Structures are given as structure tokens and as C-alpha cells.
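Please read all numbers here as calculations on a predicted model, not as lab measurements.
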Amino acid sequence: MWFYRRILRVKWTDKRTNESVLKELKTERTLLNFINARKFNYVVVVVVVVVVVVVVVVVVVVVLVVEVVLLLSLLLLSLLLLIIISFFELSNVKNDVELST
């Protein structure tokens with residue numbers, strides 16, 4: 001800002017705001033706007049990365065839960081099959097014992 005004030009020959013004792021100097025020169029704070037735009041873009045990128053990471057973690061957890069459920073259901077089905085097989089074997093043994101007596 002000091003170089004704009006120097007161009008306009010504004011004394012340091014004059015009570016002029018920076019905005020009035022910028023308005024007279026028909027310019028704006030380009031460096032400040034550039035910095036704010038970069039900050040905004042950085043925040044947007046960080047938010048997008050965080051969202052992507054959260055989505056990936058959720059998908060991985062869901063896949064793991066589905067795998068566990070499938071494994072448990074497979075285990076239960078095998079147990080049920082074992083119970084059914086043992087029941088039929090016991091009934092066959094009982095029939096054999098009855099036939100032999």
C-alpha cells in the first residue's frame with residue numbers, strides 16, 4: 001500500500017483509508033485476493049480428500065462385515081448339515097439295532 005500512497009503523494013499525516021487510495025487508483029488488493037483464493041482452494045482439496053478417505057473406509061468396513069456374515073452363515077450351514085447327518089446316522093444305527101434283535 002505504501003507505493004500507492006507514494007504515487008498519489010498522500011502524506012502520512014493525512015487521514016485516508018487504504019480503501020480510498022485503492023478506489024482513487026481504480027485497483028484492488030490483488031495479493032490479498034490471490035492469497036484468499038489459494039486458501040479456499042486448499043480447503044476444498046482437503047475436504048475432498050477427507051471425504052474420499054471416509055468413503056473408502058466405510059466401503060472397506062462394509063465389505064468386511066459382509067464377509068464375516070457370509071462366513072458365519074457358512075459355518076452355521078455346515079453345523080446344521082453335520083447335525084442332520086449325525087441324526088440320520090443315529091437313526092440308521094437304531095434301525096440296525098432293531099433289525100438285529
*Using the side-chain contact (heavy atoms from CB on, under 4.5 Å) rule, pick out the option among L76, L82, I84 that qualifies with L80.*
I84
*Could you check E19 against E24 for side-chain contact (heavy atoms from CB on, under 4.5 Å), going step by step and ending with a plain yes or no?*
CA-CA 9 Å; E19 285 73 25; E24 187 174 341; over 6 Å; no
*Which atom of R16 lies closest to which atom of R5, heavy atoms considered*: O-NH2, 2.7 Å
*Please check if F3 and L8 belong to a single hydrophobic cluster, counting links between Ile, Leu, Val, Met, Phe, Trp and Tyr side chain heavy atoms closer than 4.5 Å.*
yes
_For a 4.5 angstrom cut-off between non-hydrogen side-chain atoms, does V66 reach L70?_
yes
*Give me the one residue out of V62, V61, V60 that meets side-chain contact (heavy atoms from CB on, under 4.5 Å) with L64.*
V60
*Heavy atoms only: give me the nearest N33-E28 pair and the separation to one decimal.*
ND2-OE2, 3.5 Å
_Heavy-atom side-chain contact between Y4 and N18 under 4.5 Å_ = no
_Non-hydrogen side-chain atoms of N36 and L32 separated by less than 4.5 Å_ = yes
_Is the shortest side-chain heavy-atom distance between V43 and K39 below 4.5 Å?_
no
*asked:* Count I, L, V, M, F, W, Y as connected when their side-chain heavy atoms are under 4.5 Å apart, and connections chain through other members. Are L79 and L71 then in the same cluster?
replied: no
